[in-house]
Protein chains: 2
Amino acid sequence: MPLNRRIPEATVARLPIYQRLLLELVGSGTGTVSSEQLAAMAGVNASKVRKDLSFLGSFGTRGSGYEADFLLSQIDRELGLDHDWPVAIVGIGNLGRALANAPGFTSRGFRVSALFDVAPELVGSRVRGIAIRHLDDFEEEVASDPPAIGVIATPAADAQSVAERMVQAEIRAILNFASRVLAVPPGVLLRDVDLSIELQVISFHLSHRHEAGAPPAGSQLAMGPVLGSLGLAHIER
Amino acid sequence: MPLNRRIPEATVARLPIYQRLLLELVGSGTGTVSSEQLAAMAGVNASKVRKDLSFLGSFGTRGSGYEADFLLSQIDRELGLDHDWPVAIVGIGNLGRALANAPGFTSRGFRVSALFDVAPELVGSRVRGIAIRHLDDFEEEVASDPPAIGVIATPAADAQSVAERMVQAEIRAILNFASRVLAVPPGVLLRDVDLSIELQVISFHLSHRHEAGAPPAGSQLAMGPVLGSLGLAHIER
DNA sequence: CTTTGTGAATAATTTCACAGCG
DNA sequence: CGCTGTGAAATTATTCACAAAG
């Protein structure tokens, strides 16, 4: 068991998929699960599942498979979902509200700790029990319960200034849903999501579907929304 | 100019990024742009940009760069954004509304052609001028203006049945935002987006930031939300 | 007899480095 | 000269195939 301490990025990108599947399986009482089953559910092939899981350690039992709840706990640990990550969301429009309510934002490791907007009619109302604060009070509010992750769901024009205030407030990781390339200093982890990139990838495949009948390579395991960010987004030291 | 007629999937995933950057550049009056500039904005390196663009043809001018508007038109053509793709969105909650209003869903190739929900208080109201119809009328409504792409933004529990109705209605491509693995027949292009996957990837990097100071490989150009889908999602012939 | 874990083989992607064109 | 376009090299990711464990 060599246990490489460097997990390939491609594997990291798939761990959340396995995590979610295992959550469902454990929830519905599954005891053990094979790489074959996981692979079918994830839409990948079984050796990829085994290879991915082998980077975490040897948690399977030959002849029977993986114990679902134990495997889940190992993946959670590897993904850092056994920590508590307070998440602040700025921009409580439709998208911000959707994020605040998304199961993935409110369970297993993540806790929506603060909501901000500038619209007077929003400030003071609550989403899932959390009061929306005015962005003017951002620094003050986050001081008491410093968020680990900042989510930007503002109009594009406001995104950069929000990012700067997040950085100023010592937030080390930013998830950016605004369609705007952001500059952040080295040391800040920035990831951009563009909701429409998948639409364009679909458009590509639709308009090429007649040429050469090969199934699109990314079909089963989709490459998700991607948006370029200024090349500054790495974790320091 | 060999002009490989098979564009790597990794390149296809980046074309929307270049597309969006070029839109901005053209909008702000830029005439020519170098691979170096595009690379800096996209957060990738210059040879990757040149390699990516070379799959579309030789559109650059040595010594000066690429003519922004011409390059944009070539990328649009390659991505199929010169077609008109009617998009039907089912589930007009916060997420559905956010999608209906997203710039990427309403410009360049895409046209939100129909909105569906089951909530009586929503049916009849309009989002960006498009009336929300009751899901019961789905088949009838889409018959008159058949959507090329169906977007599922419903609660997880409803996603599968919506997918089946879309397939029945001859929709060949589905973009699924529900956190639920969907089964679709071969021939239907299915892509899943999970809004929280990036959050988990961030969590991974945050909780590993102390070990070995290497910048996370996916930092500059983020791998986006990904969710496994049942292995059925390919375009036929 | 089943299913994991993993080296080895293959394939895809990225990066390098430079010839060649404007 | 400056910058593209692209083979070749390096790196990363996937798949194969099978020995070993339960």
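Naming convention: chains lettered A, B, ... in sequence-line order (proteins, then strands); numbering from 1 in each chain. These numbers come from the heavy atoms of this one structure, side chains and all, not from hydrogens, waters or symmetry mates.
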- Which atom of A:S179 lies closest to which atom of A:A156, heavy atoms considered: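 Heavy-atom minimum between the residues: O-CB, 4.0 Å.
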
(request) Can you see which heavy atom on B:L182 is nearest to which on B:A163, and at what distance? (result)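 In this case the closest contact between B:L182 and B:A163 is CD1-CB, 4.0 Å.
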
field: Centroid separation B:F70 to B:F59 less than 6.0 Å
entry: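 Close enough - the centres of the two rings lie under 6.0 Å apart.
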
Would you mind telling me which residue lines up with the more 5' stretch of DNA chain C, A:S64 or B:P8, judged by nearest nucleotide?
->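 Looking at the nearest nucleotide for each, A:S64 comes out on the 5' side.
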
Closest to the [X] side chain: [options]?
X     : options                : result
B:K48 : C:dT13, C:dT15, C:dA17 : C:dT15
B:S58 : C:dG7, D:dT6, C:dT14   : D:dT6
B:N45 : C:dC16, D:dA17, D:dT6  : C:dC16
A:S54 : D:dC16, D:dG5, C:dG5   : C:dG5
A:A10 : D:dA17, D:dA13, C:dT15 : D:dA13

Checking A:E9 against B:H205: is there a side-chain donor and acceptor pair closer than 3.5 Å?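 Judged by distance alone, the side chains do pair up.
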
Indicate whether the side chain of A:Q74 and that of A:R77 have a donor and an acceptor atom separated by less than 3.5 Å.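 Per modelled atom types, A:Q74 and A:R77 side chains form a pair under 3.5 Å.
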
Polar atom pairs between nucleotides 20-22 of chain D and protein, under 3.5 Å, N or O only, would you list them?
{"from": "D:dA20", "atom 1": "N3", "to": "A:R62", "atom 2": "NH1", "distance (Å)": "3.0"}
{"from": "D:dG22", "atom 1": "O4'", "to": "A:R62", "atom 2": "O", "distance (Å)": "3.4"}

- [ ] Scan B:E67, B:R20, B:R108 and name whichever one has a side-chain contact (heavy atoms from CB on, under 4.5 Å) with B:L72.
- [x]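 Between B:L72 and the candidates, side-chain contact (heavy atoms from CB on, under 4.5 Å) is satisfied uniquely by B:R108.
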
Under 4.0 Å between a side-chain N or O of A:Y66 and OP1 or OP2 of C:dG5?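 For C:dG5, OP1/OP2 do have a side-chain N/O of A:Y66 under 4.0 Å.
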
Looking only at side-chain N and O atoms, does B:R50 come under 4.0 Å of OP1 or OP2 in D:dG2?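 Looking at the OP1 and OP2 atoms of D:dG2, neither is under 4.0 Å from any side-chain N or O of B:R50.
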
Does B:E36 CD have over 12 foreign heavy atoms under 6.0 Å away?
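No, not enclosed.
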
ask   = To the nearest 0.5 Å, how far apart are CZ in A:F105 and CH2 in A:W85?
value =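 Rounded to the nearest 0.5 Å, the CZ-CH2 separation comes out at 15.0 Å.
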
Item to check | Spacing of B:D52 atom CG and B:Y18 atom OH [to the nearest 0.5 Å] | outcome: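 The distance works out to 3.5 Å.
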
Expected output is a numbered-order residue list: members of residues 27-35 of chain A with a heavy atom under 4.0 Å from any atom of DNA chain C. What is it?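 Hits under 4.0 Å, by residue number: A:S34, A:S35.
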
